[in-house]
Q: 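After the structure tokens below, expect a handful of questions from me.
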Amino acid sequence: TESREKFNRSGSTPVDLRNGSTVTEFILVGFEQSFPPTRTLLFALFLALYSLAMAMNGLIIFITWTDPRLNSPMYFFLGHLSFLDVCFITTTIPHMLIHLTVKNHIASFVACMTQMDLVFCVGVAECILLAFMAYDCYVAICHPLSYAQIVSRQVCVSLVSIAWSFGLINGILLEYVSFQNPFCRDNHIENFFCEAPIVIALSCGDPQFSLKVIFADAIVVLLSPMVLIVISYARILASILGRNSSSGRGKTFSTCASHLTVVIFFYTSAMFSYMNPRSTHGPDKDKPFSLLYTIITPMCNPVIYSFRNKEMKGAMVRALGRSSLSQAESV
């Protein structure tokens, strides 16, 4: 087998990675095989989705943190979910847009580590926060009289702090596990960002320990919150079905179904990326699932959790009205 030569950032000095040279950068080749017109179309599509997701989540953050009428725990959690979504897509999508415009997009070793740490941190925090939001919904519907005592402001702050803290600790731990082995093999990443299982497979040492740690961690941060979410919504549906009155039943079913749809998209795509054996993976299989949990779900969250809500719609109208009024007064 011929040795595969890689080039440094200037493209002038070949480095034979098989002879023990240390990798100092990675080359993202997720869309390298696409034709230029296809890459242009993908760039326009993902730029539009990224802009839309940023605008929608930014509007939710502004409204939930400034409108005094939206002071319930649901909107407190929603504001933090939107902030996590903004962080999540900003960590991955700008790099993908650069990758679509620059051939052999190079990511330094430090940049790849930082991106992976942020993806772990924000992704894990969002997994946990979604579970807390499902629990909040369960208490609000099934125990309305005790809701204010069970989900107090102090409890909300504690739950969000737990989500962020767990995400931060998890990110540092998994980053260390992912980069504990040296890298001296192929430095081509068959994706549009530094996804842990793909990067670990490029290391020189035995990747099995690192992959097993990530698998075990995924059981905790993916399966456990998902079980809590399913139980919460199952009890919500059981409570609704057990009531004599049918008023609002259809709306509750619709809301629960839409919430569960987003949760299933997010968790199943993440599970495929981090819990499946690497032998079942491939570039054509990895990228769609990576896109699903990095951009599609963050874009769907505002639509599912906010824009179908009358209070949120009213708050948006008030916010846009204030903005239009201030612009008119300045003129």
Side-chain angles (χ1 to χ4, degrees), residues 6 8-9 22-32 42-43 46-47 49-51 53-54 57 83-127 163-164 166-183 185-203 207 210-211 213-214 217-218 221-222 266 269-270 272-274 278 281 283 286-299:
K6 311 301 176 190
N8 65 2
R9 193 175 298 276
T22 301
V23 171
T24 58
E25 58 192 22
F26 296 96
I27 302 176
L28 303 176
V29 293
F31 294 101
E32 285 297 309
L42 289 174
F43 177 85
F46 292 136
L47 178 61
L49 292 176
Y50 175 68
S51 302
M54 287 290 289
N57 283 293
F83 183 73
L84 284 170
D85 283 337
V86 167
C87 295
F88 200 44
I89 58 178
T90 303
T91 301
T92 55
I93 304 306
H95 287 275
M96 182 181 68
L97 295 176
I98 295 173
H99 168 58
L100 286 169
T101 57
V102 178
K103 191 174 182 179
N104 290 334
H105 176 213
I106 294 174
S108 69
F109 195 84
V110 173
C112 196
M113 289 180 63
T114 303
Q115 184 183 55
M116 195 180 298
D117 179 43
L118 292 174
V119 167
F120 278 136
C121 175
V122 177
V124 169
E126 182 159 339
C127 287
W164 275 104
F166 202 91
L168 181 62
I169 296 172
N170 208 267
I172 296 173
L173 171 65
L174 293 184
E175 181 193 29
Y176 171 76
V177 170
S178 301
F179 287 91
Q180 67 172 345
N181 292 324
F183 289 83
R185 295 178 181 172
D186 186 7
N187 65 341
H188 284 58
I189 297 176
E190 297 283 350
N191 210 326
F192 57 88
F193 75 102
C194 296
E195 194 168 38
I198 300 176
V199 174
I200 291 173
L202 301 177
S203 64
S210 298
L211 292 175
V213 171
I214 289 182
D217 183 78
V221 302
L222 289 175
F266 182 77
S269 57
F272 180 89
S273 297
Y274 293 98
R278 295 310 301 167
H281 287 218
D286 289 333
K287 285 196 288 288
F289 285 96
S290 298
L291 287 170
L292 193 58
Y293 77 84
T294 56
I295 188 168
I296 303 300
T297 303
M299 187 187 67

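All values derive from a computational prediction rather than experimental measurement.
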Q: Might you point out which heavy atoms bring C127 and V221 nearest each other, and give the distance in Å?
A: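 Reported closest heavy-atom pair: CB-O, 3.3 Å.
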Q: Go through Y50 and M96 one step at a time and tell me if the side-chain contact (heavy atoms from CB on, under 4.5 Å) criterion holds.
A: CA-CA 11 Å; Y50 175 68; M96 182 181 68; over 6 Å; no
Q: Quick one: closest heavy-atom pair of F166 and V124, and the distance?
A: CD2-CG1, 3.7 Å
Q: Against F26, only a single residue in I106, I198, V199 fulfils side-chain contact (heavy atoms from CB on, under 4.5 Å); can you say which?
A: V199
Q: Under 3.5 Å, is there a donor-acceptor pair between the side chain of N187 and the main chain of E25?
A: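 Yes; judged by distance alone, with no hydrogens or angles, the pair exists.
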Q: Report the residues that fulfil ring pair (Phe, Tyr, Trp, His ring centres under 6.0 Å) with F43, sequence neighbours left out, ordered by chain and then residue number.
A: none
Q: Once you round to the nearest 0.5 Å, how far does CG of N170 lie from CG of D117?
A: 10.0 Å
Q: Could you report the tightest heavy-atom contact between G171 and F120, atom names first, then the distance?
A: CA-CB, 3.6 Å
Q: Considering all heavy atoms of both residues, which atom of M116 and which atom of E195 are nearest to each other, and what is their separation?
A: CE-C, 4.4 Å
Q: Starting at CG of L168, measure out to CD1 of I172 and round the result to the nearest 0.5 Å.
A: 4.5 Å
Q: Can you tell me how far CD1 of I295 sits from OG1 of T92, rounded to the nearest 0.5 angstrom?
A: 7.5 Å
Q: Starting at CD1 of I189, measure out to CG of L202 and round the result to the nearest 0.5 Å.
A: 6.5 Å
Q: Which value, rounded to the nearest 0.5 Å, describes the distance between Q115 atom CD and T91 atom OG1?
A: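 These two atoms lie 7.0 Å from each other.
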Q: Look up atom CD1 in I169 and atom CH2 in W164, then write down how far apart they are to the nearest 0.5 Å.
A: 13.5 Å
Q: Check whether any side-chain N or O of S210 sits under 3.5 Å from a backbone N or O of V177 as a donor-acceptor pair, and report yes or no.
A: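 Side chain of S210 to backbone of V177, a donor-acceptor pair under 3.5 Å: yes, one is there.
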Q: For G123 versus F266, what's the shortest heavy-atom pair and its separation?
A: O-CZ, 4.2 Å
Q: One pair to check against side-chain contact (heavy atoms from CB on, under 4.5 Å): I214 and I200. What are the steps and the verdict?
A: CA-CA 10 Å; I214 289 182; I200 291 173; 3.3 Å; yes
Q: Return the set of residues passing disulfide bond (SG atoms under 2.5 Å apart) with C194 (not counting sequence neighbours), or none when no residue passes.
A: C112
Q: L49 and I296: which non-hydrogen atoms are nearest, and at how many Å?
A: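 L49 and I296 have their closest heavy atoms at CD1-CD1, 4.4 Å.
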Q: With V86, which residues qualify under side-chain contact (heavy atoms from CB on, under 4.5 Å), at least two apart?
A: M54, N57, I61, T90
